[in-house]
**Q** 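Structure below; questions to follow.
Heads up: numbering here begins at 1 and tracks the sequence.
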Amino acid sequence: MKTDLTDTTASKINKALVKARRAIGTPAVGMVLTLVIVTDEENAYDALKAAGDASREHPSRTLVVIKRVSRSPRDRTQSRLDAEVRVGADAGTGETVVLRLHGEVVDHAQSVVLPLLLPDAPVVVWWPVNAPLDPANDPLGALAQRRVTDTYACEQPVKELAARADAYTPGDTDLSWTRITPWRSMLAAALDQVACQVQAVEVEGEEFNPSCELLAMWLADRLDVPVRRTRSAGPGLTAVRMDTDCGPIVLDRADGSLATLAVQGQPKRAVALKRRDTAELIAEELRRLDPDDTYASALRYGVERLKQENGGDAPAKGERDAGGRNAGERKAVPAPVESVAKGPAAEATAEAPVKRAAAK
């Protein structure tokens with residue numbers, strides 16, 4: 001059931017929600033949280049579709065805030081709020097309100113959203129694109145327990161990671177971190193199977209992929225060993241190689257769906273490691289509303305080095321240097337994360353180069 005409201009108010013929207021619930025025979029509110037999506041008209045459809053799919057696991061009231069651009073000076077001085085209320089089959093398992101803000105009300109979106117929040121329920125704010133540099137101090141972000149951004153949608157993802165680290169507040173998270181959850185789980189499980197000492201790690205993936213950088217920083221932070229970041233043609237993350245005193249451990253995913261796990265002394269195994277869509281990522285983030293300390297630790301590891309050496313990755317496979325040699329035939333170029341690992345942790349490594357995987 002859809003209800004269109006033009007030049008309306010938050011009070012009228014609430015009344016329309018109650019009326020729509022009664023019309024479809026579900027007057028009770030059975031939702032567990034409020035999801036606020038801040039986006040533009042271009043990306044609203046995809047974000048709303050992902051939120052609708054995620055609502056099957058997390059019934060929620062979804063508020064989509066679209067800030068419309070006023071072309072003339074006169075329009076910018078006239079405030080107007082248009083809303084589209086969706087309940088029932090048109091809104092998944094929850095309720096959806098699409099808010100289109102015009103004029104001066106664009107700068108006061110929190111005053112529109114606040115009366116529409118579910119009482120005594122957590123609030124999550126998600127920016128699919130154009131997230132603020134400091135989400136916690138954003139007027140809408142200040143209303144939420146969790147704030148979700150996506151550095152992959154930014155023009156300069158690695159620099160955006162540095163900005164996220166500088167402004168990090170407990171409750172912040174990023175979908176680039178969520179994308180590597182299966183990789184982190186698989187690598188941790190592989191290390192649990194062997195009693196080996198990790199000496200060095202190589203992370204291979206697309207050049208401007210923040211998930212690759214986050215995985216490299218997480219490994220460097222948790223294992224306290226040098227981590228080298230190399231480039232590939234993708235898609236996304238393609239391989240992680242860990243050098244241990246028992247032999248290499250390799251997790252290789254060349255096609256973006258099926259990976260191969262190779263552990264020294266064991267047969268190779270095929271593991272499902274497909275690239276997940278946005279609905280799955282949002283559903284995962286809505287499962288936990290407490291601060292993600294592991295993300296914070298990985299994000300803060302080596303961010304200053306990323307700022308200083310942005311773009312210093314090793315050459316992609318198949319590239320040739322000025323002398324015509326294949327990239328694989330020359331010495332690896334130190335990557336940002338590798339340089340970071342050569343800080344205090346590397347000094348300790350020089351004295352005792354072998355580190356246990358479970359050291360941290």
**Q** Nearest 0.5 Å, what's the CG-CG distance between Asp252 and Leu261?
**A** 10.5 Å
**Q** Is there a path from Leu117 to Leu81 through hydrophobic residues (I, L, V, M, F, W, Y) whose side chains come within less than 4.5 Å of each other?
**A** yes
**Q** What I want to check is whether the side chains of Thr151 and Asp174 have a donor and an acceptor closer together than 3.5 Å.
**A** yes
**Q** Measure from the side-chain N and O atoms of Arg288 to the backbone N and O of Glu285, and report whether any donor-acceptor pair falls under 3.5 Å.
**A** no
**Q** When rounded to the nearest 0.5 angstrom, what is the spacing between CG in Leu187 and CG in Leu215?
**A** 6.5 Å
**Q** Is there a side-chain contact between Leu143 and Val36 in this structure, where contact means two heavy atoms from C-beta onward sitting under 4.5 Å apart?
**A** no
**Q** Does Arg147 make a cation-pi contact with Trp127 (under 6.0 Å, within 45 degrees of the axis)?
**A** no
**Q** Looking at Glu202 and Arg229, is any side-chain nitrogen of the basic one under 4.0 Å from a carboxylate oxygen of the acidic one?
**A** no
**Q** Compute whether any side-chain donor of one residue and acceptor of the other, for Glu84 and Thr3, lie under 3.5 angstrom apart.
**A** no
**Q** Verify the distance criterion only: is there a donor paired with an acceptor across the side chains of Asp150 and Trp126 at less than 3.5 Å?
**A** no
**Q** Within the distance-only criterion (no hydrogens, no angle test), does the side chain of Gln145 pair as donor or acceptor with the backbone N or O of Val123 below 3.5 angstrom?
**A** yes
**Q** Do side-chain atoms of His58 reach the backbone of Ala283 as a donor and acceptor pair under 3.5 angstrom?
**A** yes
**Q** Could you please spell out the steps behind the side-chain hydrogen bond (donor to acceptor under 3.5 Å, both in side chains) verdict for Thr181 and Glu284?
**A** CA-CA 10 Å; Thr181 299; Glu284 179 183 327; 2.7 Å; yes
**Q** Measure from the side-chain N and O atoms of Ser297 to the backbone N and O of Thr294, and report whether any donor-acceptor pair falls under 3.5 Å.
**A** no
**Q** Report yes or no: do Asn43 and Asp40 form a side-chain donor-acceptor pair below 3.5 Å?
**A** yes
**Q** Are Tyr152 and Phe208 packed together at the side-chain level, in the sense that at least one heavy-atom pair is separated by less than 4.5 angstrom?
**A** no
**Q** Between the side chain of Asp293 and the main-chain N/O of Ala296, is any donor-acceptor distance below 3.5 Å?
**A** no
**Q** Any chance you could measure Arg164, atom CZ, to Lys159, atom NZ, to the nearest 0.5 Å?
**A** 15.0 Å
**Q** Leu48 and Leu33: same hydrophobic cluster, using ILVMFWY side-chain contacts below 4.5 Å?
**A** yes
**Q** Less than 4.5 Å apart, any side-chain heavy atom of Leu299 and any of Asp172?
**A** no
**Q** State whether the side chain of Thr39 and the backbone N or O of Pro128 hold a donor-acceptor pair below 3.5 Å, judged by distance alone.
**A** no
**Q** Side-chain heavy atoms under 4.5 angstrom apart, residues restricted to Ile, Leu, Val, Met, Phe, Trp, Tyr: same cluster for Leu191 and Ile180?
**A** yes
**Q** Assess the residue pair Val263 and Val194 against the criterion (side chain to side chain contact (heavy atoms under 4.5 Å, CB included)); give the C-alpha distance rounded to whole Å, side-chain angles, the decisive distance to 0.1 Å, and a yes or no.
**A** CA-CA 9 Å; Val263 180; Val194 294; 3.7 Å; yes
**Q** Taking side chain as C-beta onward, heavy atoms only, is Glu213 less than 4.5 Å from Pro157?
**A** no
**Q** Without swapping roles, check the side chain of Asn209 against the backbone of Glu206 for a donor-acceptor pair under 3.5 Å.
**A** no
**Q** Is Lys274 atom NZ crowded by more than 12 heavy atoms from other residues, nucleotides or ligands, each under 6.0 Å away?
**A** yes
**Q** Within a strict 4.5 Å, meaning less than it, do heavy atoms of the Asp221 and Trp218 side chains meet?
**A** no
**Q** Could you point out which residue of Val125, Thr62, Leu63, Leu99 forms a side chain to side chain contact (heavy atoms under 4.5 Å, CB included) with Ile37?
**A** Thr62
**Q** Side chains of Leu223 and Val201: does their closest heavy-atom pair fall under 4.5 Å?
**A** yes
**Q** If we ignore hydrogens and angles and just use 3.5 Å, is the side chain of Asp82 paired with the main-chain N or O of Arg100 as donor and acceptor?
**A** no
**Q** Taking Arg276 for its side chain and Thr178 for its backbone only, find out whether a donor-acceptor pair lies under 3.5 Å.
**A** yes
**Q** Heavy-atom distance under 4.5 Å between the side chains of Lys2 and Val85, does that happen here?
**A** no
**Q** Is Val106 linked to Val97 within one hydrophobic cluster, defined over Ile, Leu, Val, Met, Phe, Trp and Tyr using a side-chain heavy-atom separation of less than 4.5 Å?
**A** yes
**Q** For residues Leu175 and Thr149, determine if any side-chain heavy atom of one lies less than 4.5 Å from a side-chain heavy atom of the other.
**A** no
**Q** To the nearest 0.5 angstrom, please state how far the OG1 atom of Thr6 sits from the NZ atom of Lys12.
**A** 10.5 Å
**Q** Rounded to the nearest 0.5 Å, what separation is found between the CD atom of Glu57 and the CD1 atom of Ile282?
**A** 11.5 Å
**Q** Does the pair Ser60 and Ser55 meet the rule for a side-chain hydrogen bond (donor to acceptor under 3.5 Å, both in side chains), with working shown?
**A** CA-CA 6 Å; Ser60 58; Ser55 71; 5.8 Å; no
**Q** How about Gln199 and Thr244: does a side-chain donor come under 3.5 Å of a side-chain acceptor?
**A** no
**Q** With rounding to the nearest 0.5 angstrom, report the OG1 to CG distance, Thr34 to Leu116.
**A** 9.0 Å
**Q** Does one hydrophobic cluster hold both Val148 and Val65, with members joined at side-chain heavy-atom distances below 4.5 Å?
**A** no
**Q** Any sub-3.5 Å donor-acceptor pair from Arg253's side-chain atoms to Leu237's backbone N or O?
**A** yes
**Q** Tell me, with the steps shown, if Glu41 and Arg68 meet salt bridge (charged side-chain N to carboxylate O under 4.0 Å, His left out).
**A** CA-CA 8 Å; Glu41 200 72 65; Arg68 300 295 296 270; 3.4 Å; yes
